[in-house]
*Asks:* 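Dumping the structure here so I can ask a few things about it.
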Amino acid sequence: MIQKESEKNKDFFEMVLEVAKLIPHGRVTSYGSIALYLGAKRSSRMVGWAMNSSHKVPGIPAHRVVNRVGLLTGKMHFGDPEQIANLLRAEGIDVIGDQIQNFQEHFWNPSEELHL
DNA sequence: GTCTTGACGTTTA
DNA sequence: CTAAACGCCAAGA
């Protein structure tokens with residue numbers, strides 16, 4: 001194995017997509033949490049970058065991924081700003097404007113649920 | 001090849 | 001308490 005500390009066999013991009021697909025129904029997570037799960041807690045921007053590329057990949061519930069405060073930052077990237085809020089409401093999550101209500105209650109931590 | 005921008009988060013003033 | 005700067009890494013111009 002030539003890979004030494006590269007425990008991330010897949011690229012950061014693919015790992016983010018994997019985690020995004022693993023987000024349970026009715027749950028939400030944050031970019032930082034995913035980055036932390038990947039071992040790059042301070043590289044949260046990379047998660048956003050990966051999600052931007054995720055547009056070409058179907059089956060990526062990006063609407064379940066928000067910033068640390070539960071703010072729908074990338075709502076504009078869904079085509080329709082109401083789209084993301086509508087999807088979250090469909091899962092039983094209250095969304096007012098761009099802010100998720102009870103975000104902490106719906107929060108899903110990959111590092112815990114995936115027990116890495 | 002260099003500079004700017006970007007779906008964020010943490011730290012310091 | 002709020003506001004601003006820094007850090008992180010990659011892609012686009």
Side-chain angles (χ1 to χ4, degrees):
Chain A
M1 297 295 276
I2 302 176
Q3 314 149 291
K4 22 186 158 188
E5 77 267 17
S6 300
E7 50 188 73
K8 344 186 244 292
N9 297 332
K10 301 183 179 203
D11 294 314
F12 200 92
F13 161 72
E14 291 189 32
M15 295 189 72
V16 173
L17 300 183
E18 288 292 310
V19 177
K21 291 178 183 175
L22 292 173
I23 299 174
H25 182 272
R27 287 279 205 258
V28 285
T29 188
S30 62
Y31 303 93
S33 298
I34 295 174
L36 182 64
Y37 171 71
L38 299 179
K41 63 179 182 181
R42 291 181 177 172
S43 301
S44 46
R45 302 179 109 169
M46 305 300 75
V47 179
W49 160 76
M51 297 306 281
N52 199 352
S53 298
S54 71
H55 269 293
K56 66 179 185 180
V57 182
I60 306 299
H63 61 274
R64 293 181 185 158
V65 184
V66 294
N67 63 0
R68 77 164 183 94
V69 295
L71 189 65
L72 309 181
T73 45
K75 65 176 184 146
M76 57 184 78
H77 294 280
F78 287 80
D80 292 329
E82 298 178 359
Q83 182 71 26
I84 180 167
N86 189 3
L87 290 169
L88 291 171
R89 288 176 185 171
E91 298 186 356
I93 300 174
D94 291 328
V95 180
I96 300 177
D98 299 338
Q99 178 64 52
I100 296 176
Q101 305 304 311
N102 305 324
F103 172 66
Q104 188 178 14
E105 182 179 335
H106 298 292
F107 185 76
W108 178 75
N109 192 328
S111 300
E112 293 181 1
E113 300 301 315
L114 299 179
H115 59 80
L116 177 59

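Below, all heavy atoms of this structure are taken into account, side chains as well, without hydrogens, waters or symmetry copies. Keep in mind that what you see is a predicted model, and the values were worked out from it rather than measured. Throughout, a chain's letter reflects where its sequence line sits, starting with A, and its residues are numbered from 1.
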*Asks:* Whole Å only: how far is the CG atom of Leu36(A) from the P atom of dC9(C)?
*Replies:*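 It works out to 15 Å between those atoms.
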*Asks:* Calculate the interatomic distance between Arg42(A) atom CZ and dT12(B) atom P; express it in whole Å.
*Replies:* 9 Å
*Asks:* Would you call the rings of His63(A) and Phe78(A) parallel, tilted or perpendicular if under 30° counts as parallel and over 60° as perpendicular?
*Replies:*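 Perpendicular: the ring planes of His63(A) and Phe78(A) meet at over 60°.
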*Asks:* Looking only at heavy atoms, what is the nearest atom pair of Thr29(A) and Phe107(A), with distance?
*Replies:* CA-CE1, 4.1 Å
*Asks:* Does one hydrophobic cluster hold both Ile60(A) and Val66(A), with members joined at side-chain heavy-atom distances below 4.5 Å?
*Replies:*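 No.
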*Asks:* Rounded to whole Å, how long is the line connecting atom CZ of Phe13(A) with atom C1' of dC8(C)?
*Replies:* 19 Å
*Asks:* Please tell me which of the listed nucleotides, dG9(B), dA7(B), dC9(C), lies nearest to the side chain of Met46(A)?
*Replies:*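 The listed nucleotide nearest to Met46(A)'s side chain is dC9(C).
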*Asks:* I'd like to know if Arg45(A) reaches the base of dG9(B) with its side chain, counting only an N/O donor and acceptor under 3.5 Å.
*Replies:*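 Per atom types, no contact qualifies.
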*Asks:* The side chain of Arg68(A) is closest to which nucleotide in this list: dC9(C), dA10(C), dG9(B)?
*Replies:*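 Nearest listed nucleotide: dG9(B).
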*Asks:* What nucleic acid atoms does Asn67(A) come within less than 4.0 Å of, heavy atoms only: base, sugar-phosphate, or nothing?
*Replies:*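 Sugar-phosphate contact only - Asn67(A) comes under 4.0 Å of backbone atoms but never of a base.
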*Asks:* Using whole Å, what does the distance between atom P of nucleotide dA11(C) and atom NE2 of His55(A) come to?
*Replies:* 16 Å
*Asks:* Is the backbone of Asp94(A) close enough, under 3.5 Å, to the side chain of His106(A) for a donor and an acceptor to pair up by distance?
*Replies:*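 Not a single qualifying donor-acceptor pair exists.
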*Asks:* Would you mind telling me which of dA11(C), dG9(B), dA7(B) lies closest to the side-chain atoms of Ser44(A)?
*Replies:*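 Comparing dA11(C), dG9(B), dA7(B) against the side chain of Ser44(A), the answer is dG9(B).
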*Asks:* Reckon Ala62(A) touches a base, only the sugar-phosphate, or nothing at all at heavy-atom distances under 4.0 Å?
*Replies:* base
*Asks:* Which residues in residues 20-34 of chain A have a heavy atom closer than 4.0 Å to any atom of DNA chain B?
*Replies:* Ser30(A), Tyr31(A), Gly32(A)
*Asks:* Starting from C1' on dA10(C), measure out to CD on Glu14(A) and report it in whole angstrom.
*Replies:*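 Rounded to whole Å, this separation is 16 Å.
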*Asks:* Would you kindly give the CZ-to-P distance between Phe107(A) and dG9(B), to the nearest whole Å?
*Replies:*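 After rounding, the gap between these two atoms is 9 Å.
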*Asks:* Round to the nearest Å and state the distance from Trp49(A) atom CH2 to dC8(C) atom C1'.
*Replies:* 13 Å
*Asks:* For His63(A), answer base if it contacts any base atom (sugar-phosphate contacts may also be present), sugar-phosphate if it contacts only those atoms, and nothing otherwise; contact means non-hydrogen atoms under 4.0 Å.
*Replies:*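 Nothing: the residue His63(A), judged by heavy atoms under 4.0 Å, touches no strand.
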*Asks:* For dA5(C) versus dT5(B), give the span between their P atoms, rounded off to a whole number of Å.
*Replies:* 15 Å
*Asks:* For Trp108(A) and Leu22(A), what are the C-alpha separation, side-chain angles and deciding distance, and is it a side chain to side chain contact (heavy atoms under 4.5 Å, CB included)?
*Replies:* CA-CA 10 Å; Trp108(A) 178 75; Leu22(A) 292 173; 4.2 Å; yes
*Asks:* With a 4.0 Å cut-off, would you call Glu113(A) and Arg27(A) a salt bridge?
*Replies:*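 The answer is no: the pair does not qualify as a salt bridge.
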*Asks:* Show, in sequence, the C-alpha distance, side-chain angles and deciding distance for Phe103(A) and Val69(A), and conclude whether the side chain to side chain contact (heavy atoms under 4.5 Å, CB included) test is met.
*Replies:* CA-CA 7 Å; Phe103(A) 172 66; Val69(A) 295; over 6 Å; no
*Asks:* May I have the distance from His77(A) (atom NE2) to dC8(B) (atom C1'), rounded to whole angstrom?
*Replies:* 13 Å
